[in-house]
Amino acid sequence: MTLSADLFLVLRMGCGICWTITYLLIIKRGFQDQTYGMPIAALGANISWEFIFSFVHPQPIHPRLIPQIYITITWFLLDVIILYQIFRFGKNYFSDSYPEVLFYPAIILAILVGFVLVLAISTEFNDWNGRYAAFGQNLMMSILFVTMFFKRKDLSGQSVYIALFKMMGTVLASILIFSIKPDSVLLNSLYIGILFFDILYMVLLHKKSIEMGINPWKLAV
C-alpha cells in the first residue's frame, strides 16, 4: 500500500490535529470539573514517549513534510499541563483506593516505568520513529479510559468528544503506518485492539450521558 506524498501529509496533519484537540479537550474538562482526564499510567507513558522523541532521540526531519517533532513537542507541552492537573486534583481519586502517601511516588514511578519501557521497546525493535511504543501505549490508554469510566461515578473529566477525536487521530495514524509496514502482525493487532476499546469507550460515555439526562454532544461546550 503506497500513499502519495499529498495523502501522506494529509494523514499526518489530520492525526496531529485530532490528537492535539484530544489533549486540549482533556485539559478543558479537567479544569472545568477540577479533575484529570487521562489515567496516570497512560500519562506516564505518553509524556515519556513525547520527551524521548522530542529531546533524547528527535524524530528525523523530512524536507518535504511538516516535521513530526514540532507536533510531538506540542503534545509534550500539553501533557505537562495534564500532569499538573493530576498533581493538583488527583489526590481526591487516588486516596479512595490507596494510601495518600503513595500518591506522588506513584506518579513518579509511572513516568519512570513509561520512560524505560519506551526506550526498551524502541531499542528492541530498532524503531526510533517510536511506532511500536506509540501504538502499544495507545492500546493501554484505550483500556485505561474504559477502566476510568467504570471507576468514576460520573462523567467528570470525560466526554464523547475526547473519545471521538482520540479514535479519529489513531485511525489516521493506523492508516499512515499501515501504508509503511502493512505486514506487521503486531501493529495490525494493535490497530484492531485500540479501535475496539475506543468504540467501546464512546458507547459507554454516550449511554451514561443519556442515563444522566445529559446531551452527550454538549459535554465539550
Side-chain angles (χ1 to χ4, degrees), residues 15 18-19 21-23 25-27 29-30 33 35-50 52 75 78-79 82-83 85-86 89-90 93-94 96-98 102-103 106-107 109-122 124-125 127 130-175 177-178 184-209 216 219:
C15 172
C18 286
W19 267 100
I21 292 174
T22 301
Y23 287 142
L25 290 175
I26 289 173
I27 291 168
R29 289 290 297 179
D33 298 337
T35 186
Y36 61 94
M38 185 180 293
I40 293 174
L43 187 279
N46 257 26
I47 202 168
S48 295
W49 188 95
E50 289 150 4
I52 288 169
W75 291 343
L78 293 174
D79 261 341
I82 298 173
L83 178 61
Q85 292 179 326
I86 290 176
F89 306 117
Y93 294 90
F94 190 87
D96 291 341
S97 303
Y98 305 99
L102 297 178
F103 176 65
I107 297 173
L109 182 61
I111 295 173
L112 289 176
V113 170
F115 188 89
V116 170
L117 287 178
V118 170
L119 276 181
I121 292 170
S122 301
E124 180 75 17
F125 289 96
D127 174 33
R131 296 163 184 160
Y132 289 96
F135 282 97
Q137 70 192 48
N138 197 327
L139 176 59
M140 177 184 70
M141 185 189 302
S142 297
I143 295 171
L144 290 177
F145 270 127
V146 173
T147 303
M148 183 174 70
F149 170 85
F150 285 113
K151 283 186 175 180
R152 295 187 177 178
K153 296 178 173 58
D154 53 29
L155 295 173
S156 58
Q158 305 172 88
S159 78
V160 171
Y161 286 107
I162 292 172
L164 176 62
F165 279 102
K166 178 195 178 302
M167 181 176 68
M168 290 172 56
T170 303
V171 167
L172 293 176
S174 299
I175 296 171
I177 303 304
F178 180 80
S184 173
V185 175
L186 176 56
L187 287 174
N188 290 337
S189 299
L190 291 172
Y191 305 152
I192 295 170
I194 295 166
L195 183 60
F196 171 81
F197 283 101
D198 283 351
I199 292 174
L200 175 60
Y201 186 48
M202 278 197 65
V203 170
L204 290 170
L205 288 172
H206 189 278
K207 184 174 182 293
K208 183 69 172 179
S209 300
L219 282 175

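Judged purely by atom type and a 3.5 angstrom limit, Asn188 uses its side chain to pair as donor or acceptor with the backbone of Ser184.
Qualifying side-chain contact (heavy atoms from CB on, under 4.5 Å) partners for Leu195, counting only residues two or more places apart in sequence or in other chains: Met167, Val171, Ile199. Partners of Lys207 according to the salt bridge (Lys or Arg N to Asp or Glu O under 4.0 Å) rule, which considers only residues two or more places apart in sequence or in another chain, are Glu211. The side-chain contact (heavy atoms from CB on, under 4.5 Å) search around Ile111 returns Ile47, Ser48, Leu83, Ile107, not counting sequence neighbours.
Considering every non-hydrogen atom in both Val118 and Ala133, the closest pair reads CG1-CB, 4.1 Å. Heavy atoms only, all atoms of each residue included: Asp33 and Leu155 are closest at OD2-O, 4.3 Å. Taking each heavy atom of Gln85 and Ile26 in turn, the nearest pair found is OE1-O, 4.0 Å. Smallest separation of non-hydrogen atoms from Ile86 and Phe103: O-CZ, 3.1 Å. When every heavy atom of Met140 is checked against every heavy atom of Ala42, the shortest pair comes out as CE-CA, 3.8 Å. Nearest heavy-atom pair across Tyr201 and Ala163 is CD2-CB, 3.5 Å.
For the pair Asp79/Met38, a side-chain contact is recorded, criterion being any heavy-atom separation below 4.5 Å from C-beta on. Looking at heavy atoms from C-beta onward, Phe145 lies in side-chain contact with Pro39 at the 4.5 angstrom threshold. You'll find the side chain of Gln137 stays beyond 4.5 Å of the side chain of Leu144, heavy atoms only. Taking the side chain as every heavy atom from C-beta outward, Phe135 and Ser174 approach each other to under 4.5 Å. In this structure the side chain of Leu204 reaches within 4.5 angstrom of the side chain of Phe150, judged on heavy atoms.
Counting only N and O atoms by type, the side chains of Tyr93 and Thr35 include a donor and acceptor under 3.5 Å apart.
Going from atom CE of Met202 over to atom OG of Ser159 covers 9.5 Å, rounded to the nearest 0.5 Å. Atoms OH and CD1, on Tyr132 and Ile177 in that order, are 10.0 Å from each other to the nearest 0.5 Å. Going from atom CG of Asp198 over to atom CG of Leu164 covers 10.0 Å, rounded to the nearest 0.5 Å. The distance from atom CZ of Phe197 to atom CG of Leu139, rounded to the nearest 0.5 Å, is 6.5 Å. We find the CE-CE distance between Met141 and Met148 to be 10.5 Å, quoted to the nearest 0.5 Å. Rounding to the nearest 0.5 angstrom, the gap separating the CZ atom in Phe149 from the CG atom in Asp154 is 10.0 Å.
Ring geometry for Trp49 versus Trp75: interplanar angle of 30 to 60°, hence tilted.
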Check step by step if side-chain contact (heavy atoms from CB on, under 4.5 Å) holds for Thr22 and Met168. CA-CA 10 Å; Thr22 301; Met168 290 172 56; over 6 Å; no
Would Thr170 and Trp19 satisfy side-chain contact (heavy atoms from CB on, under 4.5 Å), going step by step from the backbone distance to the final call? CA-CA 8 Å; Thr170 303; Trp19 267 100; 3.4 Å; yes
Does the pair Val160 and Lys208 meet the rule for a side-chain contact (heavy atoms from CB on, under 4.5 Å), with working shown? CA-CA 10 Å; Val160 171; Lys208 183 69 172 179; over 6 Å; no
Test log, rule side-chain contact (heavy atoms from CB on, under 4.5 Å), inputs Leu186 and Phe125: CA-CA 11 Å; Leu186 176 56; Phe125 289 96; 3.8 Å; yes
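Under a cutoff of 6.0 Å and an axis angle of 45°, Arg152 and Tyr36 form a cation-pi pair.
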